[in-house]
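Data first, discussion second: the structure below is written as structure tokens.
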Amino acid sequence: MSDIRVRIAPSPTGPLHIGTARTALFNALYARHTAGTFLLRLEDTDVARSSVAFEADILEGLHWLGITWDEGPDTAGGEDNGPYGPYRQMQRLERYAAAAAELLARDLAYPCYCTPDELDADRKAQEAAHLPPKYVGRCATLSAEERAGRIAEGRPAATRFRVAPGLVAFDDAVRGTVEFDTSNLGGDFVIVRGDGTPLYHFTVVVDDAAMRISHVIRGEDHLSNTPKHILLFRALGYPEPVFAHLPLILNPDRTKMSKRKSQTAISDYIAQGFIREALVNYLALLGWSTGTEEEILTFDEIATRFDLDHVQKGGAVFDRERLEWLNGQWIRRLDEEDLVTRLLPFLEADHIAGRIDRTPTADEVRAVLPMIRERLPILGAVGDLIGFLWIDDLRVDAATIVPKRWDAVTTLDALTAARSAIADTGAVSFEADELEPPLRSLAEARGWKAGDLFMAIRVAVTGRTATPPLFDTLVALGRDRVLERLEGAIEGLAAGIA
RNA sequence: GCCCCCAUCGUCUAGAGGCCUAGGACGCCACCCUUUCAAGGUGGAGAUCAGGGGUUCGAAUCCCCUUGGGGGCACCA
């Protein structure tokens with residue numbers, strides 16, 4: 001095991017986001033590639049917005065993707081694993097308090113008694129003057145007496161970190177040297193709220209140092225926060241980790257991917273029937289490439305090839321079409337039993353939602369697998385594809401049965417003829433090979449295009465114009481139901497004509 | 001407004017000075033296969049490498065400027 005240590009630090013204030021999953025994946029891949037350690041830490045200091053339900057969604061989503069971590073809680077509300085715990089920030093409060101006390105004692109930070117109203121007024125004034133928002137420093141130089149006065153007034157004190165003038169530069173592993181002038185950081189920033197709870201910029205540094213994080217691999221949206229973090233690392237005497245800022249995942253309009261404009265919750269992708277292999281494969285290729293033309297790869301294959309050098313700098317638009325294509329590729333690569341197992345829950349959901357009348361057995365699904373596996377971009381499409389097999393009383397609108405080039409009379413005639421042809425066929429064996437010849441000869445004898453006849457039958461027995469191959473479909477339905485549905489269609493057409 | 005980052009087909013990308021009359025994939029179009037839909041196969045359209053200056057014998061690749069896009073500037077994370 002190398003001493004490379006990376007982490008994913010989600011905040012349980014929302015469901016697992018595509019971007020968080022991608023960042024987690026890159027960290028996991030990097031750890032795997034370097035034989036390092038990958039840990040998960042929950043940043044739950046925004047108590048008002050954090051919840052166990054979100055924690056569960058995040059941990060389960062990451063597990064579902066097949067992403068595993070060496071340290072940190074495995075389940076929502078569950079126990080910590082690893083020597084650097086606790087891994088939930090609200091359980092690490094005394095450490096932040098100690099670090100803040102140290103900064104205060106060394107006058108690297110100071111108590112700030114400004115009220116939200118005062119701060120708000122400052123901000124508005126700056127905005128009106130077209131100045132960048134910046135803390136005015138009202139409490140930066142308070143004397144002991146002045147502080148005593150505020151305390152006597154009962155004003156709560158937040159803790160502000162002093163930002164000294166100067167330049168902060170660091171060597172980003174994907175972007176190279178990045179330099180900031182600390183005068184552009186917005187002034188002294190708050191590290192502990194008036195109520196005593198610590199803020200992100202502070203906790204992330206205290207914890208990354210405590211947990212011996214060697215590489216901070218995160219989204220580019222954190223790039224301009226990095227100088228603040230570096231200032232804190234230095235003030236606290238901690239070694240600075242290597243930073244690597246990943247390109248953002250974008251909406252189609254090239255803004256940062258958001259719930260408003262895109263589907264961002266991993267759970268939604270799961271619910272629609274995207275499979276982990278495809279999602280992992282797709283996400284890994286969003287902002288990183290092998291440098292070769294390989295593109296369909298497993299997690300392990302990606303981990304072997306992964307490096308920070310091939311991480312893209314520019315943002316990447318999330319392309320759902322490409323994801324669906326990859327998903328189809330992976331669905332076709334799954335072995336039979338695996339696919340059946342993964343399909344069943346979707347059929348069950350269709351049953352519960354009333355889209356089909358019963359949940360088929362694994363054997364039944366296995367039997368139709370060859371007809372559907374090439375036709376599934378996502379698992380959730382299975383019901384639309386062959387749900388007609390498990391609908392008891394299929395009602396098909398007579399008008400939709402009539403093929404484009406035919407009229408109702410011809411269709412009625414054809415279905416009636418087809419019905420008897422099928423009734424005559426395969427009394428012993430009802431098989432695709434047995435069904436096709438008689439129906440083809442029927443079409444030929446009557447001067448119909450076989451395709452038109454097949455289409456009429458197809459719609460009559462499935463209610464759809466796009467289905468798996470007709471004869472396999474008829475076999476799957478079984479002789480009785482085929483004849484019954486044909487009869488129903490014939491009656492419907494006859495009624496329409498009369 | 002200020003700071004930072006970025007810039008190759010519509011999209012994801014290959015490309016680390018000559019191998020590029022820029023390659024692959026998704027999507028799109030056509031054809032083949034074919035009872036529909038897919039899958040698969042073949043072929044095609046699609047990027048004057050954002051624009052302009054340099055450096056160099058030679059630049060998509062290096063430098064500068066411009067333009068465009070994005071991100072960040074909270075007692076959110």
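In what follows, chains carry the letters A, B, and so on, assigned in the order in which the sequence lines appear, proteins first and then strands, with residues in each chain numbered from 1. Computed from heavy atoms alone, side chains included, the values below leave out hydrogens, waters and symmetry copies.
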Heavy atoms only, 4.0 Å cut-off, all strands: where does A:P468 land among base, sugar-phosphate and nothing? base
Distance between C1' atoms of B:C6 and B:A50 (Å, rounded): 12 Å
Remember a base hit wins even if backbone is also touched, and classify A:T255 as base, sugar-phosphate or nothing at under 4.0 Å, heavy atoms. sugar-phosphate
Please state the C1' separation for the pair B:C33 and B:G43 - nearest whole angstrom. 15 Å
Starting from the 5' end of RNA chain B, give me the residue, A:A158 or A:L286, whose nearest nucleotide shows up first. A:L286
Which part of the nucleic acid, if any, lies within reach of A:Q312 when heavy atoms closer than 4.0 Å are counted: base, sugar-phosphate only, or nothing? sugar-phosphate
Once you apply a heavy-atom cut-off of 4.0 Å, does A:H310 come out as touching a base, just sugar-phosphate, or nothing? sugar-phosphate
Could you please name the partner base of B:C26, counting Watson-Crick and G-U wobble pairs only when both distances are under 3.5 Å? B:G10
Sugar-phosphate only, base, or nothing, as touched by A:L470 at under 4.0 Å among non-hydrogen atoms: base
Across all strands, who's sitting opposite B:G1 as a Watson-Crick or G-U wobble pair, both distances under 3.5 Å? B:C73
When you compare B:A74 with B:A39, how far apart are their P atoms, in angstrom units rounded to a whole number? 49 Å
C1' gap between B:G18 and B:C62, integer Å: 15 Å
Inter-nucleotide P distance (B:C5, B:C65), Å rounded: 12 Å
C1'-based separation of B:G46 from B:U13 [nearest Å]: 15 Å
Heavy atoms under 4.0 Å, any strand shown: does A:F471 hit a base, just sugar-phosphate, or nothing? base
Counting any heavy atom closer than 4.0 Å, what does A:E294 reach on the DNA or RNA strands: base, sugar-phosphate only, or nothing? nothing
Select base, sugar-phosphate, or nothing to describe what A:R254 touches, counting heavy atoms under 4.0 Å on all strands. sugar-phosphate
Describe the nucleic acid contact of A:G291 in one word from base, sugar-phosphate, nothing, applying a heavy-atom distance below 4.0 Å. sugar-phosphate
Can you tell whether the side chains of A:E277 and A:R333 come within less than 4.0 Å, N to carboxylate O? no
Look at all strands and tell whether A:H245 reaches a base, only sugar-phosphate, or nothing, counting heavy atoms closer than 4.0 Å. nothing
Give the table of side-chain donor-acceptor pairs shorter than 3.5 Å for residues 241-250 of chain A, with sequence neighbours excluded, one pair per line with atom names and distance.
| from | atom 1 | to | atom 2 | distance (Å) |
| --- | --- | --- | --- | --- |
| A:H245 | ND1 | A:D172 | OD2 | 2.6 |
| A:H245 | NE2 | A:R218 | NH1 | 3.3 |
| A:H245 | NE2 | A:T226 | OG1 | 3.1 |

Taking atom CD of A:E444 as the centre, does the number of heavy atoms from other residues, nucleotides or ligands within less than 6.0 Å exceed 12? no
Using the P atom as the reference point in each nucleotide, state the distance between B:C9 and B:G52 in Å, no decimals. 16 Å
Axial cation check for A:F26 ring with A:R22, 6.0 Å and 45° limits: yes
Mind checking the CZ-CG spacing from A:R458 to A:L453? Nearest 0.5 Å is all I need. 10.5 Å
Indicate yes or no: does A:R305 engage A:E301 in a salt bridge with an N to O separation below 4.0 Å. no
Cationic tip of A:R464 within the cone over A:F388's six-membered ring, i.e. under 6.0 Å and within 45° of the normal? no
Upstream residue (5' side of RNA chain B) when A:E220 and A:S224 are each assigned their closest nucleotide: A:E220
Taking only the P atom of each, what is the distance from B:U61 to B:G70 in whole angstrom? 24 Å
What pairs with A:E295 under side-chain contact (heavy atoms from CB on, under 4.5 Å), at least two apart in sequence or on another chain? A:L285, A:R322, A:W325
Using a cut-off of 4.0 Å on non-hydrogen atoms, how would the nucleic acid contact of A:D181 be classed: base, sugar-phosphate, or nothing? nothing
Range on RNA chain B touched by chain A, heavy atoms, distance below 4.0 Å: B:G1 to B:A77
Once you apply a heavy-atom cut-off of 4.0 Å, does A:R49 come out as touching a base, just sugar-phosphate, or nothing? base
Under 4.0 Å between any heavy atoms, over every strand shown, what does A:S289 touch: base, sugar-phosphate, or nothing? Just pick one. sugar-phosphate
Under 4.0 Å, heavy atoms only, any strand: does A:R464 hit a base, just the sugar-phosphate, or nothing? nothing
Count the heavy atoms of every other residue, nucleotide or ligand shown that sit under 6.0 Å from CD of A:E127, and state whether that count exceeds 12. no
